[in-house]
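One structure is given here, and the rest of the page talks about it.
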Amino acid sequence: MKQLVVMDARGNVEAVLGCSEKSRTKTLEQGELWVVMPENGRVLPYGGGGVRCGSFRPGPDEAWYQVRLLEPGREGDSGAATPGESAGLSGDSSGNSSGNFPDTGDDLVLPVLSDLADLIAERRRTMPEGSYTTHLFSKGSGKIRKKTGEEAVELILAQDRQEIIGEAADLLYHTLVLLEQEGIRLEEVVRELGRRHSG
Ligand SMILES: N=c1c2ncn([C@@H]3O[C@H](COP(=O)(O)OP(=O)(O)OP(=O)(O)O)[C@@H](O)[C@H]3O)c2ncn1[C@@H]1O[C@H](COP(=O)(O)O)[C@@H](O)[C@H]1O
């Protein structure tokens with residue numbers, strides 16, 4: 001059985017569950033998410049059923065898949081397989097999506113960043129109404145640089161742990177928008193970090 005990282009429509013991780021050939025086939029046939037409950041191997045509809053998938057694809061290695069849902073998360077839903085259940089998740093009670101990262105959260109760092117970078121690139125191509133990313137691209141490079149600078153300042157002024165995490169997330173997002181605006185791929189930055197790290 002592989003792991004399945006479930007992301008909501010905005011790209012936040014809301015659960016990590018199991019995926020078998022059977023659950024994958026049912027998901028792809030129906031367009032609605034089916035998962036394997038790791039504790040008993042049962043194949044059940046996610047969130048009690050009817051949760052539609054926007055994309056379902058392999059992760060960067062063989063061990064897992066990632067799925068992005070079309071609708072917002074269903075926190076508090078009493079369905080069969082709800083976010084945060086099972087798979088040894090260390091969810092917090094605040095409903096903060098960061099609490100849904102598994103202990104092996106390191107494995108998700110690049111996939112989540114790279115998925116977000118892809119979504120930002122798509123926003124730039126399609127410029128959908130109501131998207132904050134569209135708003136930034138429509139204002140142009142000056143605005144994006146200014147916002148990135150503001151987020152950097154907000155990060156250095158942040159005091160408590162949760163505030164620092166929130167501001168760092170804002171800064172990472174705006175940095176990705178800036179990179180897209182400049183036609184620089186995230187991989188190029190990661191490669192530079194890798195070169196320094198190994199050198
Ligand atoms: N990760 C982010 C993200 N981080 C921060 N922000 C936005 O950044 C803004 C920062 O707040 P500010 O008060 O500084 O800015 P503001 O007053 O809203 O905006 P301005 O008028 O100053 O431009 C907020 O509006 C946040 O919603 C983000 N907006 C979008 N994303 C992700 O980007 C993806 C695409 O989102 P949309 O483009 O909105 O669909 C999704 O996965 C989102 O989760």
Side-chain angles (χ1 to χ4, degrees), residues 4-16 33 46-47 51-60 64-76 83-84 89 91-92 94-102 105-190 193:
L4 177 73
V5 179
V6 182
M7 298 185 195
D8 68 18
R10 297 183 69 83
N12 299 312
V13 175
E14 63 175 44
V16 180
L33 184 58
Y46 184 71
V51 178
R52 292 182 304 127
C53 305
S55 66
F56 187 101
R57 57 182 196 229
W64 54 283
Y65 285 101
Q66 64 189 55
V67 63
R68 186 185 279 245
L69 306 178
L70 281 180
E71 47 256 293
R74 298 181 158 207
E75 258 163 74
L89 301 182
D92 64 16
S94 68
N96 187 322
S97 66
S98 65
N100 281 336
F101 276 88
D106 281 358
D107 297 344
L108 293 173
V109 171
L110 260 183
V112 169
L113 276 180
S114 130
D115 202 50
L116 180 56
D118 287 350
L119 184 61
I120 287 168
E122 188 192 306
R123 292 286 192 265
R124 192 180 183 205
R125 278 195 306 277
T126 60
M127 299 289 271
E129 255 178 62
S131 146
Y132 179 74
T133 317
T134 300
H135 162 72
L136 287 177
F137 285 128
S138 70
K139 297 280 180 188
S141 174
K143 170 76 174 182
I144 293 169
R145 284 166 186 259
K146 182 166 171 284
K147 287 302 300 181
T148 308
E150 282 175 21
E151 299 304 341
V153 171
E154 283 170 21
L155 173 59
I156 61 171
L157 294 176
Q159 296 296 324
D160 70 68
R161 188 182 157 75
Q162 210 48 48
E163 206 188 339
I164 292 171
I165 291 172
E167 297 300 347
D170 281 355
L171 178 58
L172 282 171
Y173 160 76
H174 283 85
T175 302
L176 291 178
V177 175
L178 193 152
L179 290 175
E180 172 61 29
Q181 173 73 24
E182 298 302 322
I184 297 168
R185 295 192 359 258
L186 176 62
E187 289 78 0
E188 295 176 70
V189 179
V190 172
L193 281 173

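When a ligand or atom number is given, it counts from 1 through the structure's own listing order.
For ligand 1, the atoms lying closer than 4.0 Å to a non-hydrogen atom of Leu119 are 34 (C), 35 (C), 41 (C), 42 (O). In the vicinity of Leu116, heavy-atom distances shorter than 4.0 Å reach the ligand 1 atoms 32 (C), 33 (O), 34 (C), 42 (O). Taking every non-hydrogen atom of His174 and a distance limit under 4.0 Å, the qualifying atoms of ligand 1 come out as 8 (O). Every atom of ligand 1 is numbered from 1 in the order shown, and the set under 4.0 Å from a heavy atom of Thr133 is 35 (C), 36 (O), 37 (P), 38 (O).
Protein heavy atom at the shortest distance from atom 33 (O) of ligand 1 is Tyr173 CE1, 3.3 Å. With respect to atom 20 (P) of ligand 1, the closest heavy atom belonging to the protein is Lys143 NZ, 3.7 Å. The nearest heavy-atom contact from the protein to atom 18 (O) of ligand 1 is Tyr132 CE1, 3.9 Å. Considering only non-hydrogen protein atoms, atom 17 (O) of ligand 1 sits nearest to Lys147 NZ, 4.6 Å. At the top of the distance list for atom 42 (O) of ligand 1, counting protein heavy atoms only, stands Arg10 O, 2.3 Å. In this structure, the protein non-hydrogen atom closest to atom 5 (C) of ligand 1 is Asp170 OD1, 3.2 Å. Protein heavy atom closest to atom 40 (O) of ligand 1, with residue, atom name and distance, is Arg123 NH2, 2.8 Å.
Checked by distance only, ligand 1 and Glu150 stay at 3.5 Å or farther apart across all their nitrogen or oxygen atoms. Checked against a 3.5 angstrom limit, the closest N/O atoms of Ser131 and ligand 1 fall inside it.
Residues Pro128 and Arg123 approach most closely at CG-CD, 3.6 Å, considering heavy atoms. Among all heavy-atom pairs drawn from Asp115 and Gln66, the shortest one is OD1-NE2, 3.6 Å. Of all non-hydrogen atoms in Cys53 and Val67, the two that sit nearest each other are SG-CG2, 3.7 Å.
The shortest distance between side-chain heavy atoms of His135 and Lys143 falls below 4.5 Å. At a threshold of 4.5 Å between non-hydrogen side-chain atoms, the residues Gln162 and Ile165 count as touching. Under the 4.5 Å side-chain criterion, counting only non-hydrogen atoms from C-beta, Glu129 is not in contact with Thr134. The shortest side-chain heavy-atom distance between Thr148 and Ile144 falls under the 4.5 Å cut-off.
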What verdict does the side-chain contact (heavy atoms from CB on, under 4.5 Å) test give for Val16 and Trp64, after you've listed the backbone C-alpha separation in whole Å, the side-chain angles of each residue and the deciding distance to 0.1 Å? CA-CA 10 Å; Val16 180; Trp64 54 283; over 6 Å; no
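Of the candidates Lys146, Glu154, Glu151, the one placing a heavy atom closest to atom 11 (O) of ligand 1 is Glu151.
Distances shorter than 4.0 angstrom occur between a heavy atom of His135 and an atom of ligand 1.
The nearest protein heavy atom to atom 13 (O) of ligand 1 is not closer than 4.0 Å.
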Run the side-chain donor-acceptor check on residues 177-185: report pairs under 3.5 Å with partners two or more places apart or on a different chain.
from, atom 1, to, atom 2, distance (Å)
Glu180, OE2, Arg124, NH1, 3.4
Glu182, OE2, Arg145, NH2, 3.1

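Under the 3.5 Å distance criterion, the side-chain polar atoms of Glu163 are matched with a main-chain donor or acceptor of Gln159.
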